[in-house]
Each structure stands twice: as C-alpha cells, then as structure tokens.
Number of protein chains: 4
Amino acid sequence: MSKNGEITEVLTRGPGRPRSEEARRAILETTLELLQKTGFNDLSIESVAAQAEVGKATVYRWWPNKAALVMEAFVLAVESELKYASTGSAEAVIRDQMRRWTKVFRTPLGKVISAVIGAGQSEPEMLEAFRHYYVQPRRVEARKLLREAMLNGEIRSDIDPDTILDLLYGPLYLRLLLHHAELTPELADLVFDIVMPGLKPR
Amino acid sequence: MSKNGEITEVLTRGPGRPRSEEARRAILETTLELLQKTGFNDLSIESVAAQAEVGKATVYRWWPNKAALVMEAFVLAVESELKYASTGSAEAVIRDQMRRWTKVFRTPLGKVISAVIGAGQSEPEMLEAFRHYYVQPRRVEARKLLREAMLNGEIRSDIDPDTILDLLYGPLYLRLLLHHAELTPELADLVFDIVMPGLKPR
Amino acid sequence: MSKNGEITEVLTRGPGRPRSEEARRAILETTLELLQKTGFNDLSIESVAAQAEVGKATVYRWWPNKAALVMEAFVLAVESELKYASTGSAEAVIRDQMRRWTKVFRTPLGKVISAVIGAGQSEPEMLEAFRHYYVQPRRVEARKLLREAMLNGEIRSDIDPDTILDLLYGPLYLRLLLHHAELTPELADLVFDIVMPGLKPR
Amino acid sequence: MSKNGEITEVLTRGPGRPRSEEARRAILETTLELLQKTGFNDLSIESVAAQAEVGKATVYRWWPNKAALVMEAFVLAVESELKYASTGSAEAVIRDQMRRWTKVFRTPLGKVISAVIGAGQSEPEMLEAFRHYYVQPRRVEARKLLREAMLNGEIRSDIDPDTILDLLYGPLYLRLLLHHAELTPELADLVFDIVMPGLKPR
DNA sequence: CAATAATCGAGACGGTACGTCACGTCTTCTT
DNA sequence: AAGAAGACGTGACGTACCGTCTCGATTATTG
C-alpha cells in the first residue's frame, strides 16, 4: 500500500512534516468517486488531484501509478464490507455468502470491482491485488467449511475446494462482467441448488 | 462495422476513389497484433497507423475510436473460429464445445478476448459487441440442443437455457479473467460433470 | 499562367474533353472572393474547390500551388482596371494616375493587392508576378512621359525614371501596407507637390 | 508580450514552479532563426519546439499563436538596435537615420522585418505590433526635430511630421518589400535630397 | 528556540498521443 | 481526356495528461 507501514510510522519517525492524513483520505475518496463515475480508463491522476484539492506530486509521492492508487482505494472500499458473520451448516453459510455477494455487486462497489477486474486485464499487478485483497480473504471461511464438510462425508472430497468456489461464483462473476442478465439473490440460490447435487459423494 | 455494408458497396458505388481494402486489412491485423502484444490500454491509434504504414486519418475515417477499431479486429479474429461441427447427443456436443473453448482461450486469441472483456468494463459498446458477435452466435446451437433435451425430459425444463450456459461457462470465464488457476480441458469436463446432475429432472 | 497558352489551345487540340471554361471561372472568382474574405494564409485550396463546386484535382491540374492560383486570380482582377487614358502634360497625367491609384487601393481590390504583396514576402515568385503583371504595365506610360519631360528639360535627367516613380508611389504603398494613416487622393496630390520641386533642373 | 509583465513577476509571485527563463530565450531565439531561414509561412510551432528542445505545450502556454510568438521574437531582435545617437541639425540627424536604416534592412533583421510586415497583411495585430514596437519608437526623435525645424522656419509647418516621414521612408520600404531595386545608403541620400526642397517654406 | 528536514499546494517543465484539418496525389465512375 | 468525388499518406495543428521538477509555505523533530 503506502510506502510506510503504520507501525514504523508511529514508533520511529524522522524529522520533517508528517504525511497529511487529510490529503490521503481526500485522494482515496476522490479516486473511488471518479472510479464509479468515469471508470478506470477515463480516471486521470490530474483530475483526482484537482478534485481532491491536492498537489499532483502528493499523489505521486505515495502511489507510483494509477493502478496502485486505484488498488488502495478499492481495498479501502472493500475492507469494511468484510465484517459479517454467518452461522449454521457449511451449506447454509456458503449460500448466505453467495446471496450477500449478489447484493454487494449491485451497489456502487460493484462498479468498482468490475472496473478493477477490467483494468486487471491490462495490468497484472492489479489482478494480483484483487485476488490477494478481495478474493482470498473472502474465501478463507468457505474453504474451511468445505474441508470440514469433506471430512464429515457431506460432500465429495476429490475436488479442490477452490474449484468448488469457482463453480459457485463463476456464474455470478460472468453476469457481473458481461451484463447479459441480471444479478439477483435468486440466481445465487439457483446456482447453489444446481451445483450442490454434483458435489454429493456418490 | 464499416460504414458501408459490403453488399451495397459492390452493387451501387458512387464516384470517388474506393476504400483501400489493403489499408483496411493492414490496420485490422496490426490492431490484433498490438492488442496481443501490449493490451488494450497501451494500444495507441498512432502506433497502429505507424505499424500498418497508414495515415492516422485513414484510421479515423473508418473507426470513430479505439474501441470500435478493436471491436472489428476482434470480430475478424473470431469469426473464422466459428466453423466447427459437433455431433452426438446434446450432452456430448456441449461437453465438446466446452473443451474446445478451453483450448481457444489458451491461444493468443484468448488474450484478445480477455482484453475485450476488460476494456468492456469501461466501454459499454465494447461489451455489447462482445456479447453480440461472440457469445450469442456460439450459444445458438447449445441453446437449441438444451431445449430439445428439455422436451425429451433429459434435463429440467424449469431453467432458462442461457442460465444453464452461464453455469457451465462461468467458471471457465472466471479462470480466464482472474488467472488464479489454470484453464484446462479437464476443468471443462469437471464442471460439466458436477453441474449436470443438478439439471436432471427430479 | 495556365499550362496551355490560349493560342495553341485553340489551334491544335488533342482528343478528349476540353477544359471546362466554367470551372476555370468559378475557381478564379471563388479565389478572389476568399482572398478578400480570409486573406492569403487562411485561404485553402480545399475550400476553393468546395465553394467553386469543383474537384480538388481540377485546381491542381491547372495551377501548381496556391501562389500560382492567387496570382492568376489577381491578374484577372487587375487587368480590367488598366483600361483608362489620361491626357495632358506629363505632370498632369502622372498626378492623375496617382489619384486614381489611391482610389483603387480603397476598393476590395486593395485588400487583394496587399495580400499579394504580403504573401510575396514568403513566396518570391508571387512578388515577381506582382511586379510583372501589375507594377510594370502601369509604369510604362509614366516612364515614357518622364523621359520626354527630361528631354524637354522640364525635369532633372540625372535620375532613373523608375526611382522617381518609387519616390512618388512609395509613400502611398507605405500607407496601404502599414495602415497607420488614411490613403486619400489628397495625399497623392500632397506627395506629388512635395516631390516635384526636387525634380526640377537646378 | 508574455502573460505576466516583468515587474509584477518579480515583486509578487504566486506559488508554483516559476517560468523557465532558459526555455523562453531558447524559444524566441529559435523563432528568429527559423524566421530568417524559412519565412513566416513555413515556420511551424512544432519545429520551433523541436529545435529549441522544449515541449510544444510550453510554447502554447505563453504564446497563443504563431503571430504572437513571432511578434515577441521580432521585438526582442529589434529593441537592441535602438540604442544609437545622432547629433547635429535636424536635417543631418534625419539623413543619418535614413542611411542607418538602409543598412539595417540589409542585415538578417531586414528579412525578419519584411516577414513581419508580410504576415501583418493577414494578421492585423502583427501589423499593430510592428507599428507600436518598431515604427513609433524610431520616429519619436525625428518627429521632435521636425517640429523644432518648423518653429524655426526651416521647413514648412503646414504638413504633419508623420506624413513627411512617410515621404522619406516610403520609397525605402517600397524597395524592401518589392525587391525591384537595390536598397542602398545612396538611395537614402537621393530621396532625402529630392524631398527636402519641397519642404522648404515658400 | 533556532536549525533542519520532509511535507504541502501550486504549477511549469519535456514529452506522447489525441482527434482534426489541409496538403498534394491517387483512383474510381461519368461526361 | 477532363470532370466530380473522395480516399490515400503525410504532417502540423492545438489540447490533455503523463510523470518530474522547482518554488514558497507549513509543520514536525533535533540540537
């Protein structure tokens, strides 16, 4: 993310004016706003700096390029969304996760996520960051539950849990990215109900 | 695509020097080449014109912007790939289609397709073109087979055939776009085998 | 001027469609019109062709460049103005010529003439044409009269007649080109009256 | 000239990187050089920027168009030439000025001046600048001397001093612009000698 | 409490690509 | 053959951002 991790910044700080937290926030918020409004391609650092009322060099001092900036803005937008807790059986939790996703995808954040994936097709580190900061953290719990269900004999154990998650989320992502059909909680249920039988042990 | 459809161009042509087919081909081929090499973002019309040894104005005369140009180049690249024929049962044909896809996605064309979808997140008409020129033509046969299978009672008839195709192809697209795992014919088989049971009539 | 002199064109003509006199006239008239309206720099052959409803190639077929075209338009505009006749003594005739000039300079033709001289600062052949088609023909009579007056002892004979004409017309041209003061027949008289004493034999 | 007058620029300067004096000089010098080499029409801002090793935007930041740029270059070239001093009677001083002019007109600066007047036929503000920055400053002294000579009864007082200067310099400008005869100090003397008798009180 | 140092905003800098316009040439059909 | 129509490669136009730089001003730590 930013050049200095938070810990070192607090404990040992050299002389000189400290980084303006206000500027940082303004830049990231403006980035998110413009990202939703104009998309990744038309988002210029020039316009971020102008709208955030910040010097252009201040942006470049902390983020090496547009991708890094957008990435951090994206992470900021997405991290607050992680605080949830589902309870119940493995199947109930995953089904609940999937439903929640379809709802998140329909907020402005959905536009940000598809913009990030889109930009990632040109910028590999963008994609890497998306997987690292978004996909993986969200799969942790589901993966654990799937493994437990495999041990319990509730689902087939000859398939990689991540592949199962690809099967469940792939159709949702497809609609997010291709816009050829609506993305609804009902679709999440349908996908889940169709895929599950195939996961039962024979 | 181009301003004049081919038919009217042949039958009734006004005065004036006709469009140079050579220039058109050079531009589209160069576009494809650069698209694979540098991606959508770094592809500049300036460089296309230079490498195709064509005036920049000639590009702008026929394509209003980069998206339109890339779109037509994409269609050109993709249309020759449509000529195939699978035979057998509905399930056999669809399984075969899916396997073939995973192979196409690994050629340079795969890079073009993901670039198009990526760019489409910023440019709606790009996405529209992708759906219209790529997705739909390829789904025609599968959709027909699925409908027949529904009538025969081989698969559930309470699901939209396109949604079924989303279920089958979504996981493949996910790997194409997120690059988090490999895209293999075996994956196609696995997806097919897991999804199919859920489609059987209860 | 045009590639083929008029005589050969009439006497020996090859096969093929003859040159369109209508197009020629339309081009030259449009040129004059645009020359007065927009000046030499902003006059484009593209716009001449468009406004004259003529193919661009037709312009280039007969005139090698903008300068040549403007030159011929200028000559056309100016040649009708040559038909006059002054009578009387040398001094009376020259004074009359000078007065007439100041009047011509104030018509739209004056704008054309100053545009031609202006353009001539960049294009030598333009200047050459101006001198050949405008200045020289108009000086013929005055020069003859001056020489006679020298022989008669009315004016000094130790000065080149053309230098005398420079003395008389220089101040007028200066006002035409610098626009720092008005160009009036009275000025012509004043210049004449001041210069003449210095031309009397001592 | 430039957007900020020099005085305010020194006294009160806003924030931001200050204008590069080096770039300014390089641009103006390159402009002068190209103006003499290629004339006004063929001088492109693109080539000025390239040869001055300066971004094109830097030129456009400070000069709105080619005319403004050439004008300031012209003023720069001409202002150093003003520092001279003639002494003696009114007639001696003016004669001396005229001779000096014919010499200046034959240096590369002469080419610049005729280019400026030529361009001025299309661009009024160019002409305005020429009169304001070149003609007027140079006429100040001569005008003063002429007025004194009128009061002393040495020359007619019924003629506007500027008209007298038109009479003296008109013939010189005519040769500068029409190139039909050489521009020599002897011509300056001849013009002076012929015009003066007509200026004596009757 | 000064000196030092890193930050801030502002904005100019050398560049690159944009999309447009006119150049002068060409290739077609029509007259 | 010459006409109009109009596409061609070329190159300059004026604009927008890029990422870097240099200012004066501000805000912290250090001697």
Side-chain angles (χ1 to χ4, degrees), chain A residues 12-20 22-23 42-50 52-66, chain B residues 12-24 42-50 52-62 64-66, chain C residues 13-20 22-23 42-50 52-66, chain D residues 13-24 42-50 52-62 64-66:
Chain A
T12 68
R13 175 141 50 74
R17 180 173 176 173
R19 176 174 182 182
S20 160
E22 189 188 357
D42 292 1
L43 182 152
S44 69
I45 292 201
E46 196 105 9
S47 62
V48 170
E53 293 184 295
V54 141
K56 214 172 18 156
T58 301
V59 181
Y60 282 106
R61 204 190 318 272
W62 302 107
W63 296 275
N65 49 55
K66 189 166 71 169
Chain B
T12 68
R13 176 142 52 75
R17 180 175 176 172
R19 177 174 182 182
S20 160
E21 196 54 37
E22 189 186 331
R24 180 177 175 272
D42 293 1
L43 183 152
S44 70
I45 291 199
E46 194 108 8
S47 62
V48 169
E53 294 184 294
V54 140
K56 214 174 13 160
T58 299
V59 180
Y60 283 106
R61 205 189 324 273
W62 300 108
N65 50 54
K66 191 167 68 167
Chain C
R13 177 138 52 75
R17 179 173 172 176
R19 175 175 185 181
S20 159
E22 189 188 358
D42 293 1
L43 181 152
S44 70
I45 290 200
E46 196 104 9
S47 61
V48 169
E53 294 183 294
V54 141
K56 217 171 17 155
T58 301
V59 180
Y60 282 107
R61 202 191 317 276
W62 301 107
W63 295 275
N65 50 54
K66 189 166 72 167
Chain D
R13 176 142 52 74
R17 180 174 176 172
R19 177 174 184 181
S20 160
E21 196 54 37
E22 188 186 332
R24 180 177 176 273
D42 293 0
L43 182 154
S44 70
I45 290 198
E46 194 107 8
S47 63
V48 170
E53 293 183 295
V54 141
K56 212 172 20 158
T58 300
V59 180
Y60 283 107
R61 203 186 327 271
W62 301 108
N65 50 54
K66 190 166 72 167

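In the text below, chain A, chain B and the rest are named by the order of the sequence lines, each starting its count at 1.
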### Query
Atom CD of D/E21 to atom P of E/dA12: distance rounded to whole Å?
14 Å
#### Entry: Value rounded to 0.5 Å, distance of OG1 in C/T58 from CZ in C/R19
9.5 Å
### Query
Are B/T58 and F/dG9 close enough that a side-chain N or O sits under 4.0 Å from OP1 or OP2?
yes
### Nearest heavy atoms of C/P64 and C/Y60, plus distance in Å
O-CD2, 4.3 Å
### Query
Is any side-chain nitrogen or oxygen of B/R61 closer than 4.0 Å to OP1 or OP2 of F/dC8?
yes
### Task
Can you sort out the partners of C/K56 under side chain to side chain donor-acceptor pair (under 3.5 Å), two or more places apart, ordered by chain and number?
C/E46
### Query
Of all residues at least two apart in sequence or in a different chain, which pass the side chain to side chain donor-acceptor pair (under 3.5 Å) check with C/S47?
C/S44
### Set of side chain to side chain contact (heavy atoms under 4.5 Å, CB included) partners for A/N65, sequence neighbours left out
A/A67, A/A68
### Task
Whole angstrom is fine here: how far is it from CG in A/D42 over to C1' in F/dA16?
12 Å
Quick one: which protein N/O atoms are closer than 3.5 Å to N/O atoms of nucleotides 17-24 of chain E? Pair and distance per line, please.
residue: E/dC18; atom: OP1; partner: B/I45; partner atom: N; Å: 2.7
residue: E/dC18; atom: OP2; partner: B/I45; partner atom: N; Å: 3.4
residue: E/dC18; atom: OP2; partner: B/E46; partner atom: N; Å: 2.6
residue: E/dG19; atom: OP2; partner: B/Y60; partner atom: OH; Å: 2.3
residue: E/dG19; atom: O5'; partner: B/Y60; partner atom: OH; Å: 3.4
residue: E/dG19; atom: N7; partner: B/K56; partner atom: NZ; Å: 3.2
residue: E/dG19; atom: O6; partner: B/K56; partner atom: NZ; Å: 2.8
residue: E/dC23; atom: OP1; partner: C/I45; partner atom: N; Å: 2.9
residue: E/dC23; atom: OP2; partner: C/I45; partner atom: N; Å: 3.2
residue: E/dC23; atom: OP2; partner: C/E46; partner atom: N; Å: 2.7
residue: E/dG24; atom: OP2; partner: C/Y60; partner atom: OH; Å: 2.4
residue: E/dG24; atom: O5'; partner: C/Y60; partner atom: OH; Å: 3.4
residue: E/dG24; atom: N7; partner: C/K56; partner atom: NZ; Å: 3.3
residue: E/dG24; atom: O6; partner: C/K56; partner atom: NZ; Å: 2.7

### Query
Taking for each residue the nucleotide of DNA chain E with the nearest heavy atom, is it A/G55 or D/A52 whose nucleotide lies nearer the 5' end?
A/G55
### Task
Give the rounded distance in Å between these two atoms: CD of B/E22 and P of E/dT27.
11 Å
### Task
Give the B/S/- string for nucleotides 26-31 of chain F, one per nucleotide from 5' to 3', where a protein heavy atom under 4.0 Å of the base yields B, of only the sugar-phosphate yields S, and otherwise -.
BBBS--
### Query
B/W62 side chain N/O closer than 4.0 Å to the phosphate oxygens (OP1, OP2) of F/dC8?
yes
